[in-house]
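The figures here come from the full heavy-atom set of this structure, side chains too, leaving out hydrogens, waters and symmetry mates. Counting starts at 1 for both ligands and their atoms, following the listed order.
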Amino acid sequence: MKKILIKDAAILTMRDDEPFTGDILIEGDRIAGLGPDIPEDGCEVIHADGMAAMPGLINAHQHSPMSLLRGFSDDLKLMDWLERKMLPAEARMTPEDIYWGAKLAMAEMIRSGTTAFADMYIHMNEIAAAVEETGMRASLTRGLVFTEDDGGRRMNEALDLIRRWSGKAEGRITTMLGPHSPYTVPPERWRELIRLAEQEKIPIHTHLAETVEEAAIIRERYNQTPTEYLVHLGLFERLHVLLAHAVHLNRRDIGRLRGMRGGVAHNPVSNLKLGCGIAPVSDMTAQGIAVGIGTDGAGSATTLDMFEEIRAAAWLQKLDLGNPAKLPAMEALRMATVGSAELLGIAHEVGTLEAGKKADIILIDLRKPRLQPVHNLPSLLAYGAVGADVDTTIVDGRVLMRGRRLLTIDEDELLAQVAERAKRIVEGI
Ligand SMILES: [Zn+2]
């Protein structure tokens, strides 16, 4: 079995202990031990003096191929942005475009310290293939909108993804069922999907209450809040549910989600940029609701840098509540690791550094003026680090990036493919 020893790192386990300097032993795909002076015999050694080691960041909600639309259409209202720009461009994407767009996102994620992600899109076979090749960990969902009769095509693709890919890529791929949102899926479809998910024990990944417009639509159709609507459909009774956004929730809505399995993916940068509002994450965590962090697609967030999201999440709570003690550094980092792992249903395997867990680890190079001196490691990482500070990314015990060089992706080929495809997709839109 392959053994890797990370030596002399400043280790942040994301458990309750203080950061300490020491070694991490990886055997195969798992962490075998942490501590001072672990013997090197038989190990490939990674010298991490001057670096921080922490669990890989987990992006709890995004649409990876939207990377092809990065920076294409900004500064518009969400519905205009979606209908006039994103949907026409997405309609032109071929399965091959999706593959390369997903791979672009994965290259960026590995480069910025993300080791696992939850994805919702179309042509999921291509995305799954890219996950398998790049070595990342992912929860994949075929997004389902029911705006016209497609003869069951979308539904068949969703089930095909689940049957074909659950547990594949050495167990790195898991799957969910993805009704897109309260406003794009009619109630009879929701009931059908909930029944199916319960029977087959499949988690659900959906969007909830992203905009005031959505809240107004649901109010008009059903005289309920979006949250109330999903509660009444029975979504939270037995299922593990990943809710993206959850911006427009009132106090009673938050009470309604208490005790839910799964939790909420907070997407602060996308919410900020589209002017959607500030999700009440402090109130949700106070009620025991698990909150993770995601970027949403690069079409809105521009980058997939989870360090930006961590920072934005903390800032928003401090600003919104007029209190700098809200969402402290450690808690924001916890959301992006343990919290997101909870949402993806993989918290028993990843999210913290401890013996027996999967070896999903990142090393952050602190040897630079911007990140010195190190008084308080969590503060420095949450408020000072950026994705480009990540030196090494390890998933499932396999090194995917070392010394900022990608080891599973041919970056020259990737960038050439992306340049050509992206141009064709947006031409004339
Ligand atoms: Zn989304």
The Zn ion (ligand 1) to H207: nearest N/O/S atom name |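 Within H207, restricted to N, O or S, the Zn ion (ligand 1) is closest to atom NE2.
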
Does any N, O or S atom in H245 come within less than 2.8 Å of the Zn ion (ligand 1)?
->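 Checking the Zn ion (ligand 1) against H245, no N, O or S atom falls under 2.8 Å.
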
D296 near the Zn ion (ligand 1) via N/O/S, less than 2.8 Å |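 Here the distance criterion (N, O or S atom, under 2.8 Å) is met by D296, so yes.
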
Would you mind reporting whether D74 and K273 have side-chain heavy atoms less than 4.5 Å apart?
->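 A side-chain contact under 4.5 Å exists here.
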
Decide whether T295 and N59 meet the rule of one side-chain donor and one side-chain acceptor closer than 3.5 Å.
->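 Yes - a donor-acceptor pair under 3.5 Å links their side chains.
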
Judged by modelled atom types alone, do H61 and H205 share a side-chain donor-acceptor pair under 3.5 Å?
->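 A donor-acceptor contact under 3.5 Å links the two side chains.
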
Using side chain to side chain donor-acceptor pair (under 3.5 Å) as the criterion, point out the one residue from Q62, E126, E90 that pairs with Y121.
->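 When Q62, E126, E90 are each tested with Y121, the side chain to side chain donor-acceptor pair (under 3.5 Å) holds only for E90.
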
